[in-house]
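Shown next, in structure tokens, is the structure this report addresses.
This is a predicted model, so every value here is computed, not measured.
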Amino acid sequence: MVSDGEDVSTRELIARLARALGRSARFLPVPEFAVRLAARLVGKEAAVDRLLGSLVIDSGKARRTLEWKPPVTLDSGLAATARWYLESSRQLAQPKAVPCA
């Protein structure tokens, strides 16, 4: 696996994506133990582990060996994704002209 070297939490990723969409992120202050307990009760412990945990990849050796640099930063990639999403959602919301017979 290769990464850009910037490790962000799920919370930080949501905050950055919200910022790219021109919104503010709203987080509910729910204790982690309560989320884990609720997940255990509904059999979704693995999903909560992925959501609350962090995936950290040290790809420094691969990047050096391959002389690879990420073509975009996380923030510029999120901004491009947000632009695409907003444009796509506008196109879907526009009524389409239907020819009359």
Side-chain angles (χ1 to χ4, degrees):
M1 296 182 103
V2 179
S3 79
D4 64 357
E6 184 175 3
D7 301 319
V8 296
S9 66
T10 303
R11 182 183 179 100
E12 178 66 19
L13 181 61
I14 291 168
R16 287 183 180 196
L17 185 55
R19 192 168 39 250
L21 289 166
R23 306 283 177 120
S24 60
R26 296 184 188 115
F27 298 101
L28 298 174
V30 179
E32 184 176 328
F33 79 88
V35 174
R36 290 192 181 280
L37 177 61
R40 185 176 303 135
L41 293 173
V42 296
K44 297 292 184 179
E45 291 171 274
V48 168
D49 286 340
R50 287 189 303 273
L51 181 66
L52 297 179
S54 293
L55 174 62
V56 177
I57 299 169
D58 180 4
S59 63
K61 183 177 179 182
R63 284 187 281 135
R64 285 188 302 277
T65 301
L66 300 172
E67 297 180 2
W68 180 82
K69 283 185 148 184
V72 295
T73 65
L74 175 61
D75 288 326
S76 64
L78 289 173
T81 301
R83 282 191 302 275
W84 169 86
Y85 172 77
L86 292 171
E87 181 59 32
S88 296
S89 62
R90 273 190 224 111
Q91 289 175 358
L92 289 173
Q94 292 177 355
K96 299 194 189 266
V98 178
C100 295

| From CA spacing to verdict: salt bridge (Lys or Arg N to Asp or Glu O under 4.0 Å), E6, R16 | CA-CA 13 Å; E6 184 175 3; R16 287 183 180 196; 2.6 Å; yes
| task | Would you give the length of the straight line joining atom CG of L13 to atom CG of L74, rounded to the nearest 0.5 angstrom? | result | 6.5 Å
| Point-to-point distance, once rounded to the nearest 0.5 Å, from OG1 of T81 to CG of L17 | 8.0 Å
| query | Can you find a heavy atom in the side chain of L52 that is under 4.5 Å from one in the side chain of R36? | reply | yes
| field | Results of side-chain contact (heavy atoms from CB on, under 4.5 Å) for L37 - residues two or more places apart only | value | R40, L41
| Listed partners of S9 passing side-chain hydrogen bond (donor to acceptor under 3.5 Å, both in side chains), at least two apart | none
| request: Group every Ile, Leu, Val, Met, Phe, Trp and Tyr by side-chain heavy-atom contacts under 4.5 Å, then state whether F27 and V30 land in the same group. | output: no
| query | What distance separates I14 CD1 from E12 CD, expressed to the nearest 0.5 Å? | reply | 10.5 Å
| message | What's the separation between atom CZ in R63 and atom CG in D4, rounded to the nearest 0.5 Å? | response | 7.5 Å
| field | Donor-acceptor under 3.5 Å (T10 side chain, L51 main chain) | value | yes
| When clusters are formed by joining ILVMFWY residues with side-chain heavy atoms under 4.5 Å apart, either directly or through shared neighbours, do L21 and V8 land in the same one? | yes
| query | Where the side chain of T73 meets the backbone of S76, is there a donor-acceptor pair that is under 3.5 Å apart? | reply | yes
| Do the side chains of F33 and V48 join up, straight or via other hydrophobic residues, at under 4.5 Å, putting them in one cluster? | no
| remark: Smallest heavy-atom separation, A25 atom then A15 atom, equals CB-CA, 3.9 Å
| Can you name the closest pair of heavy atoms from S24 and A18 and give their distance? | C-CB, 4.1 Å
